[in-house]
2 protein chains.
Amino acid sequence: MTEQPGRRVRADARRNTDALLEAAAAVFATSGVDAPVREVATKAGVGVGTVYRHFPKRSDLVAAVFRHSVDSCADAAPVLAAEHGPGEALALWLQRYTSFIATKRGLAAALHSGDPAFDALPAYFDGRFRPALGALLESAVAAGEVRDDVEPGDLLRAVANLCLAGSDVGPDHSRRMVDLLVDGLRYGVSP
Amino acid sequence: MTEQPGRRVRADARRNTDALLEAAAAVFATSGVDAPVREVATKAGVGVGTVYRHFPKRSDLVAAVFRHSVDSCADAAPVLAAEHGPGEALALWLQRYTSFIATKRGLAAALHSGDPAFDALPAYFDGRFRPALGALLESAVAAGEVRDDVEPGDLLRAVANLCLAGSDVGPDHSRRMVDLLVDGLRYGVSP
DNA sequence: GAACTATACGGAACCGCGTTCCGCTTTGTC
DNA sequence: GACAAAGCGGAACGCGGTTCCGTATAGTTC
């Protein structure tokens, strides 16, 4: 995926990896992470051989899509922070994170499948989300809009559990629960 | 499996179902629940066709093995009750239940796979284990060996969680934890 | 116990999926 | 424009679940 050493990546190769990541994200979102590799290949307008050239194992593709979507969610944090007040940015990002989690249903099982391709994902998740949320929290705390006794990691986990557990109940149940949680953050502000 | 209606089961058919259940239990125990059907068939000395005659879907076989082992564990309760004092019978059965849970590692994932063959299993689990443990508890309480504020269902769940969570730590970690729990039961006896 | 039929058996065959292989195409360079 | 390296496509392989069907057998009837 991410190449560094001397060898330069050919233009078509780069184009194909991008197309594959995009196609895979779409296919996994609609058909679940168990969708056949061929389906992804077709959607990307590419042969299976090409998929396996870029992602030696099926699980590498899944992991790459995961990392990719973690990145885009984490990268949204500074953008929101620049465009909104601290409290609102925090709330908006948590909603964004909520929908990220919602698309990761099938993955939860895969993560515990023992496939080594997934070993590094939890660390990646924390490494990207904790700082992202940490910054938002800090600003909100500094602005006095939010209490100061909440750890980013705990909040991430809490929201994730809330979403994964309450998903059967109804569509925007998760959204409401997360709103509730955010209100909870706002409650105990020390003057 | 369990036939009732007019049609009588042929002797060889019955022999084969039994052999299959036994073989499947053995294979699943060593190779996990994902072991190939063919492996079970071979171990049972039977063709694949025969497996599918008795268990239309692979998951039906898995479910049948599960029910079978639930039964044998639940049936142990009255036997232990007859052979030991109330408190000891309770402790011994919980250890038996502990090792039952230990063999069900891979199944936990399967249960949430959405396969309809597994839908009825949780109810079966409760239906057999709650009465079994309930009787043991009741006797122990009546004998004044154990406190009276514990629900069978809660205890079953607690032990299961204890075992499934602590399994990575070490072999008899579960055993010690369950012993601890039993001691906890004995602690608060009201005179 | 021989004939007969419903029932059950075995395993080859089929299908979908992950993965590999390899002859052909494209890119980048001189 | 020619050449080699890098990349591509898709046929082909192996494996696992499931189906099919010709054959064998249990149980029954005389």
Exercise. Strictly under 6.0 Å, is that where the ring centroids of B:Phe100 and B:Trp93 end up?
Worked result: no
Exercise. When you look at CD of B:Gln95, are more than 12 heavy atoms from neighbouring residues, nucleotides or ligands closer to it than 6.0 Å?
Worked result: yes
For this session: Using distance alone, with no hydrogens and no angle criterion, decide if A:Arg96 and A:Ser72 have a side-chain donor and acceptor under 3.5 Å apart.
Result: yes
Problem set entry | Length of the line joining A:Arg15:CZ and D:dA6:C1', which is rounded to integer Å | 14 Å
Exercise. Below 4.0 angstrom from OP1 or OP2 of D:dG7, is there any side-chain N or O of A:His54?
Worked result: no
Exercise. If you take atom types as modelled and just measure distance, does the side chain of B:Arg10 reach the base of C:dA8 with a donor-acceptor pair under 3.5 Å?
Worked result: no
Exercise. Could you state the CG-C1' distance from B:Leu20 to C:dA8, rounded to the nearest angstrom?
Worked result: 13 Å
For this session: Give, for atom CG of A:Leu156 and atom CG of A:Asn161, the distance between the pair rounded to the nearest 0.5 Å.
Result: 11.0 Å
Problem set entry | Polar contact flag, side-chain donor to acceptor under 3.5 angstrom, A:Asp71-A:Tyr124 | yes
Exercise. Using a cut-off of less than 4.0 Å, is there contact between a side-chain N or O of B:Asn16 and OP1 or OP2 of C:dA8?
Worked result: no
Problem set entry | Spacing of B:Arg8 atom CZ relative to D:dA26 atom C1', expressed in whole Å | 10 Å
Exercise. Does the side chain of A:Thr50 get closer than 4.0 angstrom to OP1 or OP2 of D:dG9 through an N or O atom?
Worked result: yes
Exercise. Along nucleotides 12-23 of chain D, 5' to 3', which nucleotides get a B, which get an S, and which get a -, given that the test is a protein heavy-atom distance under 4.0 Å?
Worked result: B---BBBB----
